[in-house]
2 protein chains.
Amino acid sequence: MAADDLSSKQRAILRFLEEFIAEHDYPPSIRDIQNGCDISSTSVVDYNLKRLEEKGYIRRDREVSRAIELLNGQGERRRRTVAVPLLGKIAAGRPIPTPPETPTPGAFDETVELTEEQTRGRSNVFALRVEGTSMIDALINDGDIVVLEPTSTCDDGEMVAVWLRDENETTLKKLYREGERVRLQPMNATMAPLYTRADNVEVQGRVVTAIRSL
Amino acid sequence: MAADDLSSKQRAILRFLEEFIAEHDYPPSIRDIQNGCDISSTSVVDYNLKRLEEKGYIRRDREVSRAIELLNGQGERRRRTVAVPLLGKIAAGRPIPTPPETPTPGAFDETVELTEEQTRGRSNVFALRVEGTSMIDALINDGDIVVLEPTSTCDDGEMVAVWLRDENETTLKKLYREGERVRLQPMNATMAPLYTRADNVEVQGRVVTAIRSL
DNA sequence: TTCCGAACAGAACATATGTGCCGTGAGGCC
DNA sequence: GGCCTCACGGCACATATGTTCTGTTCGGAA
């Protein structure tokens, strides 16, 4: 299912587009393509770009410079990563240094590049590095990174980061409401659950995914 | 060490840049930024872009339209994903449909977008979807995706995909050489190791990382 | 107060860049 | 041959877009 419906010139343009974007992070102009592919005229580039657009390999915004977006050949968008702030470390009973608030771009020591596939299109997610083996039963080990979606509510049994007011610390547990109190269940069979008053816990985020370090 | 050295306007511009690029796949023009951030003059945008460039948050090519490249605040480049072919499924005792050979771009049913962080800069990696819980001790569960690096050799104890000539099937195990024979150890304490002749096994790839589905 | 630099306004300017128009040549088809 | 379409060349044109120049405003230092 390769690109058999493309001329060699169109394949060259597609290849050049990929290389150029990989190198510059912005698309080439028509004249960049012209030079890069040894094409004699801008109108030829334009002509072939129109064909490529018809066939679903690229998308163009008219009248806008360098407005070429690479598609996958079926009209779907490509790539796309998000810089997710790595806010700190977390384990059973360890505090998160910075409570997750409104994330400011570029305002963190570290970020993790995630694909939309991994964030499931959610924005505003943040990441925490896991310390210790307290979540081993959830297949999350020391050094792994968990990605959380900010939320103040959750269903029973969800894996959430909660802030304990009295203890002034944050931890990652499964949350179960049991009448007046809340059971915080570690994801490690060798560790006992923690019980506390319902008004002592504040949900900060729900685990969206985990990233193995290995 | 966050971006305390940025003005609110500069932060707004940075944020707008991320959003715009995420939406269009090409950077905004100065006037796009002007409108998007409610800035009164193009020269103000230009002024702040210069500051952002000085501080290592972006890179610009002079004289070129929309030539803004997002950096991470330390002058390093951002993003960049690789489309890794998802070759098939694997489990204890199940075959890989296609033996990993020279990957042809776009010639697969599925691909997984991975960041360079995940592939550790390695190229030619491929991915397999895990079936079953035979690797649960390695924190790899049913439905997860393992990323492998093609190799024909490995050290003892490494997690590798091996092809068993006689049985004509491929499996994912830890490999230990024991004299004339080879011990293939599943990563599940409830499963027994498999012993076979050394010349019956052919290493096909080494596990680089695993991706949790959740 | 005066002076100076950072940040901003506004507009003109230069050029980077997409588009349109006209023409050519090679095939295919009747 | 006559007629069509596809792919291409060349070039002028409109405008999209970065740059620059001249002021203005506002604090803080001297």
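In what follows, chains carry the letters A, B, and so on, assigned in the order in which the sequence lines appear, proteins first and then strands, with residues in each chain numbered from 1. Values below: all heavy atoms of this structure, side chains included; hydrogens, waters and symmetry mates excluded.
In the set dT19(C), dT17(C), dT19(D), dT19(D) carries the atom at the smallest distance from any side-chain atom of Thr42(B).
Taking only side-chain nitrogens and oxygens, Arg31(A) never comes nearer than 4.0 Å to OP1 or OP2 of dA16(C). For the OP1/OP2 pair of dA7(C) and a distance below 4.0 Å, the side-chain nitrogens and oxygens of Lys50(B) include no atom meeting the criterion. Residue Tyr47(A) has no polar side-chain atom (N or O) positioned under 4.0 Å from OP1 or OP2 of dC8(D). A close approach under 4.0 Å does occur between a side-chain nitrogen or oxygen of Arg60(A) and OP1 or OP2 of dT19(C). Dashed line: the shortest gap from a side-chain N or O of Asn48(B) to OP1 or OP2 of dC8(C) is under 4.0 Å. Of the side-chain N and O atoms in Arg62(B), none sit less than 4.0 angstrom from OP1 or OP2 of dG18(D).
Rounded to whole Å, atom C1' of dA16(D) lies 14 Å from atom CD1 of Ile33(B). Glu63(B) places its CD atom 15 Å from the C1' atom of dA16(D), with the value rounded to the nearest Å. Summarising the geometry, the separation between CD on Gln34(A) and P on dA16(C) is reported as 14 Å, rounded to the nearest angstrom. In this structure, Ile30(B) atom CD1 and dA11(C) atom P are separated by 17 Å, rounded to whole Å.
To the nearest 0.5 Å, the span separating CD on Glu180(A) from CG on Asp199(A) amounts to 9.0 Å.
At a threshold of 4.0 angstrom between heavy atoms, the contacts of Asp46(A) are confined to the sugar-phosphate backbone, with no base atom among them. In this structure, Ser41(B) reaches the bases: a heavy-atom distance under 4.0 Å links it to at least one base atom across the strands shown. Looking at heavy-atom distances under 4.0 Å, Ser43(A) makes contact with a base.
Each of Arg51(B) and Val64(B) was matched to the nucleotide of DNA chain C holding its nearest heavy atom; the match closer to the 5' end belongs to Arg51(B). Residue whose closest nucleotide on DNA chain C sits further toward the 5' end, between Ile39(B) and Ile68(A): Ile39(B). Mapping Gln10(A) and Arg66(B) onto DNA chain D by nearest heavy atom places Gln10(A) at the nucleotide closer to the 5' end.
Asp46(B) and Ser43(B) share no side-chain donor-acceptor pair at under 3.5 Å. Using a 3.5 Å distance cut-off with no hydrogens or angles, the side chains of Thr171(B) and Lys173(B) do pair a donor with an acceptor.
In this structure, Arg66(B) forms no cation-pi arrangement with Tyr26(A), as its terminal cationic atom is not both closer than 6.0 Å to the ring centre and no more than 45° off the ring axis.
Shown here is Arg165(A), whose CZ atom has more than 12 heavy atoms of other residues, nucleotides or ligands within 6.0 Å.
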